[in-house]
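See structure below.
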Amino acid sequence: MNRHMLAAIAAAATAILTAGCSTSSTSMGASPSSGPSDDGMCQVFRSYARDRGITPNLQEECARQLGVDGCRKCLSMQ
């Protein structure tokens, strides 16, 4: 994966996380690391994987954003 693609993923992640932070609530026992923003991030990673395949760089960025288990679960839902 080249730098442009990583930059696009990072930009999408930032937009999703920013949107998620402004609309999600951590009340009622919700974990701040799960929820709508993770769902959006997962969709971004699945879209890239569907279009370009699962590359080591994609897996690394996915694991960084969603955690290893979250990334594995996300990418297996293709």
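Being a predicted model, the structure only gives us computed values, none of them experimental.
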Would you name the heavy atoms of C71 and L66 that are closest together and state the gap between them?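 Where C71 meets L66 most closely, the heavy atoms are N-CB, 3.9 Å.
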
Quick check: closest heavy atoms across G53 and L58, and the distance to 0.1 Å?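 Nearest pair, atom of G53 first, then L58: O-CD2, 3.8 Å.
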
Regarding C62 and C74, I want to know if their SG-SG distance comes in below 2.5 Å, which is how I'm defining a disulfide.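 With an SG-SG separation of 2.5 Å or more, C62 and C74 do not form a disulfide.
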
Rounded to the nearest 0.5 Å, how far apart are CZ of F45 and CD of Q65?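 Those atoms lie 5.0 Å apart.
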
M41 CE to E61 CD distance, which is reported to the nearest 0.5 Å: 6.5 Å

Would you please name every residue forming a side-chain hydrogen bond (donor to acceptor under 3.5 Å, both in side chains) with D69, sequence neighbours left out?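 Once residues adjacent in sequence are excluded, the partners of D69 under the side-chain hydrogen bond (donor to acceptor under 3.5 Å, both in side chains) criterion are R72.
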
One pair to check against side-chain contact (heavy atoms from CB on, under 4.5 Å): C42 and M77. What are the steps and the verdict? CA-CA 9 Å; C42 183; M77 295 189 315; 3.9 Å; yes

Could you check if a side-chain atom of Q43 sits within less than 4.5 angstrom of a side-chain atom of S47, using non-hydrogen atoms only?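 Side chain of Q43 against side chain of S47, heavy atoms only: no contact under 4.5 Å found.
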
